[in-house]
Amino acid sequence: MERELDPELLAYFHATRDAITEEHKAYLLQHPEIRQILQDFLARLLLKKPDDIYAFANEYFSYFKPAPAQSGIMPLVICAPSGCGKGTLIGRLLKDFPDAFKLSVSFTTRPARKGEDNGVNYFFVQRAEFEAEIAANNFIEYVKYADNYYGTNRKQVQAICDDGRICLLEIEIKGAQKVFRSGLACNYLFIMPPSVESLRERLINRGTEELEIIEKRVAIAKGELEELHALSFFNKRLVNDEFEAFYAQVKAYLHELYPSLGFGAK
Ligand code: 5GP
């Protein structure tokens with residue numbers, strides 16, 4: 001027969017267990033990134049279904065860098081397939097809230113489009129210059145996208161954060177994953193098109209690319225939308241169908257993220 005525990009000891013056990021549970025809960029609340037990392041790991045594992053789980057885990061976690069010292073307000077990563085209206089959204093945010101945001105101007109090896117200015121839309125550089133920046137570890141992340149390099153400059157992001165503004169990172173999905181693994185704490189917004197067909201139409205109507213490049217971008221977008229299911233760190237996913245309705249949702253989300261900055265007002 002089981003012996004009953006001494007009531008005093010039992011009460012002590014319960015109190016200790018409750019105290020530890022509370023301590024764990026407080027720690028998890030203080031570090032939401034734990035849940036994000038574990039969810040992201042599990043989602044990617046299920047997406048890839050590797051045979052060797054240990055090798056997969058070893059590779060997955062090897063990408064993580066120790067979190068850099070971070071000051072200022074958290075940057076906002078805005079990610080979307082090409083043609084989903086990222087540029088329009090960012091232009092509107094900068095116009096309506098000029099004191100709250102600053103865009104991190106990426107480096108790219110893509111040629112400037114008509115109307116784009118160096119240092120404003122991008123820093124347009126030659127491949128050799130871009131590769132020198134990689135070698136000097138000057139990028140938080142960089143990717144090759146549709147045959148060109150794109151990268152986010154580390155010092156620029158830090159300077160914007162130090163200035164007390166929300167640094168906007170307008171990047172594609174692979175870059176967003178790299179930012180997540182870089183340890184830089186950010187908020188992540190993903191913009192989706194109402195459909196792949198509507199995306200193709202928008203790219204054609206935009207008229208900035210040849211048909212062949214448009215098809216390449218549509219193919220990348222399909223891959224990105226498939227991959228999105230496995231990426232749990234995007235705290236918000238919004239569909240951009242009618243811009244004003246979409247913009248109202250973005251502002252509501254910003255108000256949640258940065259309540260003191262008055263996004264609810266406009
Ligand atoms: P576009 O050539 O249309 O200006 O940009 C192509 C894609 O690259 C877009 O999805 C854009 O958001 C993304 N992009 C722009 N700058 C960066 C960057 O610094 N890093 C990454 N990863 N993507 C970028």
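When a ligand or atom number is given, it counts from 1 through the structure's own listing order. If you're wondering where the values come from, they're calculated on a predicted model, not measured in any experiment. Just so it is clear, the values below take in all heavy atoms, side chains as well, and ignore hydrogens, waters and symmetry mates. Sequence positions, counted from 1, serve as the residue numbers for this chain.
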query = Do any N or O atoms from the side chain of Arg237 and from the backbone of Leu228 form a donor-acceptor pair under 3.5 angstrom?
reply = yes
inquiry  = For Lys174, state whether at least one heavy atom is located under 4.0 Å from any atom of ligand 1.
reply    = no
inquiry  = When you measure from the heavy atoms of Phe107 to every atom of ligand 1, does any distance fall below 4.0 Å?
reply    = no
query = Taking the six-membered ring where the residue is Trp, are the ring centres of Phe139 and Phe130 under 6.0 Å apart?
reply = yes
remark   = For atom 23 (N) of ligand 1, the closest protein heavy atom turns out to be Glu172 N, 3.2 Å
Geometry only, no angles: is [X] polar-contacting ligand 1 at N/O separations under 3.5 Å?
{"X": "Arg206", "value": "no"}
{"X": "Ser82", "value": "no"}
{"X": "Gly151", "value": "yes"}
{"X": "Arg217", "value": "yes"}
{"X": "Tyr145", "value": "no"}

request  = For Ile73 and Arg165, work out which heavy atoms get closest and say how close.
outcome  = CG2-O, 2.9 Å
task = Could you tell me which residues satisfy ring-ring contact (aromatic ring centres under 6.0 Å, His included) with Tyr12, sequence neighbours excluded, listed by chain and number?
result = none
query = For Glu201 and Asn205, does a side-chain donor sit closer than 3.5 Å to a side-chain acceptor?
reply = no
